[in-house]
Amino acid sequence: MEMKFRAWDKAKEEFIYSEQVAGGLWRFFKLLEDRGIRHFESEMFIGRQDADDKDIYDGDRIEFPYNRKTHTGEIAWGSFGFWIKGWGN
C-alpha cells in the first residue's frame, strides 16, 4: 500500500495532499509543522478507491450496499486496521 496522507487546513478550509508536496512524506509533515500543525487534522489513505476511483482516507464518510440495504459510516483507524464506524446504525 502506498503511504499517502492528507491534512485539513482549518484556517483555509482546504485539504493539502502529501503527493502534492515535493520531497515525500517528511517534507509534507515538515510543511504542516511550519504552518502550525495545530491547525491541521491529518488523515491516512486506506489503500482503496471509491466507485469513482477517488482515494478513500481515514475520516471519509462512505455509503455502501449490504444485505439489500444502503448503509453509511465513517472510515476509522482501529487496533487491527481500518473499519467502518457507525456500521449498522
Side-chain angles (χ1 to χ4, degrees):
M1 176 174 81
E2 182 180 359
M3 295 291 291
K4 295 193 295 188
F5 290 85
R6 71 180 182 191
W8 179 252
D9 183 334
K10 293 178 184 178
K12 293 184 178 182
E13 296 187 350
E14 66 184 11
F15 280 110
I16 298 173
Y17 291 86
S18 61
E19 62 268 23
Q20 294 173 333
V21 178
L25 289 177
W26 182 88
R27 297 295 279 162
F28 172 70
F29 286 106
K30 179 74 171 120
L31 171 70
L32 299 182
E33 180 183 340
D34 291 347
R35 288 192 180 180
I37 200 163
R38 66 187 177 278
H39 298 295
F40 292 89
E41 295 176 12
S42 62
E43 301 170 346
M44 185 176 177
F45 172 57
I46 71 164
R48 301 277 185 215
Q49 285 80 28
D50 65 13
D52 298 320
D53 287 327
K54 293 181 77 176
D55 291 344
I56 300 173
Y57 288 82
D58 179 21
D60 283 351
R61 293 204 48 83
I62 62 167
E63 190 174 275
F64 56 96
Y66 179 76
N67 202 19
R68 292 187 239 152
K69 288 185 174 181
T70 299
H71 299 270
T72 59
E74 180 181 329
I75 300 295
W77 177 257
S79 300
F80 299 101
F82 290 101
W83 59 289
I84 302 170
K85 187 166 62 172
W87 164 255
N89 295 341

Note to self: Tell me if the CD atom of Q20 is crowded by more than 12 foreign heavy atoms within 6.0 Å.
What the structure shows: yes
Check: Between F15 and E43, what is the shortest heavy-atom contact and its length?
Finding: CE2-OE1, 3.7 Å
Item checked: Side chain to side chain, I84 and F64, heavy atoms closer than 4.5 Å -> yes
Check: CD1 of I56 to CZ of R48: how many Å apart, nearest 0.5 Å?
Finding: 9.0 Å
Check: Hey, what do you get for CG (D58) to NZ (K85), rounding to the nearest 0.5 Å?
Finding: 8.5 Å
Item checked: Hydrophobic cluster identity match, W26 and F45, side-chain contacts under 4.5 Å -> no
Notebook entry, point to check: Would you say D52's side chain and K54's backbone share a donor-acceptor pair under 3.5 angstrom?
Noted result: no
Item checked: Separation between CD of E19 and CG of L25, rounded to the nearest 0.5 Å -> 9.5 Å
Review item, side-chain donor-acceptor pairs of residues 73-82, under 3.5 Å, at least two apart:
none

Checklist line | Distance, nearest 0.5 Å, that separates CG of D60 from CD1 of I46 | finding: 8.0 Å
Next item on the list: Check the hydrophobic clustering (I, L, V, M, F, W, Y; side-chain heavy atoms under 4.5 Å; chains of links allowed) and say if M3 and L32 are grouped together.
Entry: yes
Checklist line | Neighbour count >12 (heavy atoms, 6.0 Å) for atom CZ, R61 | finding: yes
Check: Between CZ of R6 and CD of E14, what distance do you get to the nearest 0.5 Å?
Finding: 13.0 Å
Check: Can you name the side-chain contact (heavy atoms from CB on, under 4.5 Å) partners of L31, sequence neighbours left out?
Finding: I16, V21, R35
